[in-house]
Protein chains: 4
Amino acid sequence: MAKSVNKVILLGNVGKDPEIRSTGGGTMVANFTLATTDRAKDQQGNWQDKTEWHNLVAFQRTAEIVRDYVKKGTKLYVEGKIQTRSWDDKESGQKRYRTEIIVNDISLLSGRDDAGGGGGYSRGSNAGSFDQRQPAAQEDFAQSAEISDDDIPF
Amino acid sequence: MAKSVNKVILLGNVGKDPEIRSTGGGTMVANFTLATTDRAKDQQGNWQDKTEWHNLVAFQRTAEIVRDYVKKGTKLYVEGKIQTRSWDDKESGQKRYRTEIIVNDISLLSGRDDAGGGGGYSRGSNAGSFDQRQPAAQEDFAQSAEISDDDIPF
Amino acid sequence: MAKSVNKVILLGNVGKDPEIRSTGGGTMVANFTLATTDRAKDQQGNWQDKTEWHNLVAFQRTAEIVRDYVKKGTKLYVEGKIQTRSWDDKESGQKRYRTEIIVNDISLLSGRDDAGGGGGYSRGSNAGSFDQRQPAAQEDFAQSAEISDDDIPF
Amino acid sequence: MAKSVNKVILLGNVGKDPEIRSTGGGTMVANFTLATTDRAKDQQGNWQDKTEWHNLVAFQRTAEIVRDYVKKGTKLYVEGKIQTRSWDDKESGQKRYRTEIIVNDISLLSGRDDAGGGGGYSRGSNAGSFDQRQPAAQEDFAQSAEISDDDIPF
DNA sequence: TTTT
DNA sequence: TTTT
């Protein structure tokens with residue numbers, strides 16, 4: 001009987017293979033990015049495509065589905081909620097923010113061969129992606145605010 | 001005929017009176033914040049409220065509505081899309097991000113006296129305008145298709 | 001990992017006090033109607049309000065909330081899915097249809113005294129619980145990334 | 001500044017080639033059906049797929065897109081609103097209802113060769129489908145309540 | 001970084 | 001009537 005609503009609906013393409021981790025408490029966590037593209041008029045009145053990148057996080061059973069079926073290029077429908085985490089920047093002492101979509105539900109829209117990579121959705125196909133780097137600007141985040149059991153929103 | 005979807009639905013309370021500005025080109029812009037509150041279990045298994053703050057931006061006609069009717073405490077339903085802007089921090093040279101909700105549609109849910117401040121958006125109360133006539137004729141349905149355990153959809 | 005989506009979002013006013021029943025199997029069921037009102041241009045080009053009535057059904061725990069807190073006039077936010085049931089009309093033998101919204105989630109928007117009838121769902125007012133603390137630190141953003149015409153997303 | 005919300009989000013597959021018509025006033029109208037499939041537990045506790053069929057109606061520019069790109073089997077994301085029309089049954093004099101989704105926005109999810117039919121999305125590819133019959137139970141509706149300019153919801 |  |  002919530003008194004408020006925080007709901008996000010996204011449909012787009014996954015930017016790279018998800019990163020799969022576990023918290024100390026054993027909760028599986030999947031991090032990945034999703035691109036949505038808008039058509040908008042620019043200053044000159046020309047239509048331009050503008051891509052928006054979203055940081056998604058899935059937990060537990062949903063993280064397993066991500067691990068097993070989602071990879072770079074996968075077209076996905078996602079329902080979730082917006083969450084902004086903050087931490088203190090080590091260098092400057094400033095407050096910094098990172099907004100993420102906590103994924104509640106997921107629907108795979110790619111056909112079997114639509115998504116980028118090699119063979120299909122076999123479990124463990126993301127094994128090699130553990131090492132993938134985040135975009136530069138999130139290094140600081142990664143170090144200062146690695147996900148912990150305190151961050152699990154349930 | 002978009003190939004992607006970027007949609008946000010929020011229902012919550014406005015954090016403070018909106019800031020209204022105009023760009024150099026004369027576009028009206030309204031900035032404000034909206035709080036949504038989740039109930040979630042913490043590490044000890046106790047239910048805790050957790051408030052999420054969203055940065056909202058409205059333009060043009062929607063900004064005018066915000067200017068005229070929205071203030072601190074207003075309960076709002078909002079539809080919009082997620083947009084993250086980035087810039088280089090002057091001090092550190094680091095890339096920084098700010099995620100905002102670009103508001104497309106707004107629905108004022110506060111009654112006339114619910115929201116915080118003084119004056120208000122006067123446009124009539126809802127009281128007299130609620131059409132209470134019901135469609136007739138569910139009777140045939142009621143008799144022929146009374147709900148049974150077979151109809152429970154789970 | 002559904003391959004399809006069937007989602008409804010409604011915000012409107014309840015048409016009359018809900019009917020509460022139980023199935024033979026003991027599942028609680030709540031039936032009620034919700035009005036949403038659209039503003040649309042008629043044939044003469046005049047703006048007209050048009051009310052749409054939705055048949056809602058809630059089960060189990062959600063039905064209990066409906067029983068306890070929802071009555072004629074209550075303003076509600078609802079999430080659910082569309083379901084059409086059919087049966088054979090006793091008289092004519094024709095197939096007949098009834099479309100309902102199966103309610104998954106509900107949010108009560110009426111203030112304590114907003115809804116029509118007598119008694120009410122007492123559980124505290126919202127007044128004291130609205131967390132008014134704002135996140136600090138938008139200053140850097142404000143200085144470095146003041147909105148300009150380039151940022152208008154249309 | 002609506003005071004209510006009536007929003008539907010569907011993602012599923014088109015049941016057969018759309019019917020394209022024009023009202024007397026020259027508004028293009030596209031009618032088609034969309035299937036969504038739910039997984040739900042039946043009485044015996046077994047998971048069962050249950051398909052829900054939705055009646056969709058698109059107008060004007062959206063109807064043109066439907067005409068040009070949508071056919072039997074197309075996977076679609078749709079946003080719209082619920083509308084129930086009623087008419088008096090000629091035979092029985094009873095009030096009858098038909099619930100439709102008025103489509104506001106559409107996103108084609110089928111790759112070029114995913115959808116059923118022959119060549120791609122050429123304009124007019126649906127020419128042969130004008131003649132398609134509706135499911136039996138809607139014959140009465142078709143005769144009694146053929147869409148007219150009065151039914152255009154804008 | 002995706003996709004069309 | 002769709003799809004996996």
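Chain A is the first sequence line, chain B the second, and so forth, proteins listed ahead of strands; every chain is numbered from 1.
Residue-level contact check: A:T36 touches neither bases nor backbone, having no heavy atom under 4.0 Å from any strand.
The CG-C1' distance, from D:L34 to F:dT1, rounds to 11 Å in whole Å. Atom C1' of nucleotide E:dT4 and atom CZ of A:R39 are separated by 9 Å, given to the nearest angstrom. Following rounding to the nearest Å, A:I101 (CD1) and E:dT2 (P) show an atom-to-atom distance of 20 Å. Distance, A:E19 CD to E:dT1 C1': 12 Å, rounded to whole Å. Note: CG (D:N55) to C1' (F:dT1) measures 11 Å, nearest angstrom. The separation between A:K75 atom NZ and E:dT2 atom C1' is 9 Å, rounded to whole Å. Nucleotide E:dT1 holds its P atom 20 Å from the NZ atom of A:K50, rounded to whole Å. Separating the CG atom of A:L109 from the C1' atom of E:dT4 is a distance of 15 Å, rounded to the nearest angstrom.
Shown here for B:I82 and A:E52, the closest heavy-atom pair between the two residues is O-CG, 3.5 Å.
Scored by the side-chain contact (heavy atoms from CB on, under 4.5 Å) test, A:Q48 finds A:D42 as partners (sequence neighbours excluded). By the salt bridge (Lys or Arg N to Asp or Glu O under 4.0 Å) test, A:E79 is found to be paired with A:K7, C:K7, residues two or more places apart in sequence or in another chain being considered.
Between the side chains of B:S4 and A:T37, not a single donor N or O lies within less than 3.5 Å of an accepting N or O.
Closest contact between the side chain of B:K3 and the listed nucleotides F:dT4, E:dT4, F:dT2 involves E:dT4. Closest approach to the D:N13 side chain among F:dT3, E:dT2, E:dT1 is made by F:dT3 (side chain taken as heavy atoms from C-beta onward). Closest to the side chain of D:A35, from the set F:dT1, E:dT1, F:dT2, is F:dT2. For D:T33, the side-chain atoms get nearest to F:dT1 when compared with the rest of F:dT2, F:dT1, E:dT2. The side chain of D:K72 has F:dT2 as its nearest neighbour among E:dT2, F:dT2, F:dT4. When each of E:dT1, F:dT2, F:dT1 is scored by its nearest atom to the side-chain atoms of A:W53, the top-ranked nucleotide is E:dT1.
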Verify side chain to side chain contact (heavy atoms under 4.5 Å, CB included) between D:H54 and D:L10, making sure each step is shown before the conclusion. CA-CA 9 Å; D:H54 309 272; D:L10 299 174; 3.8 Å; yes
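Looking at B:S4, its side chain has no donor and acceptor atom pair within 3.5 Å of the base of E:dT2.
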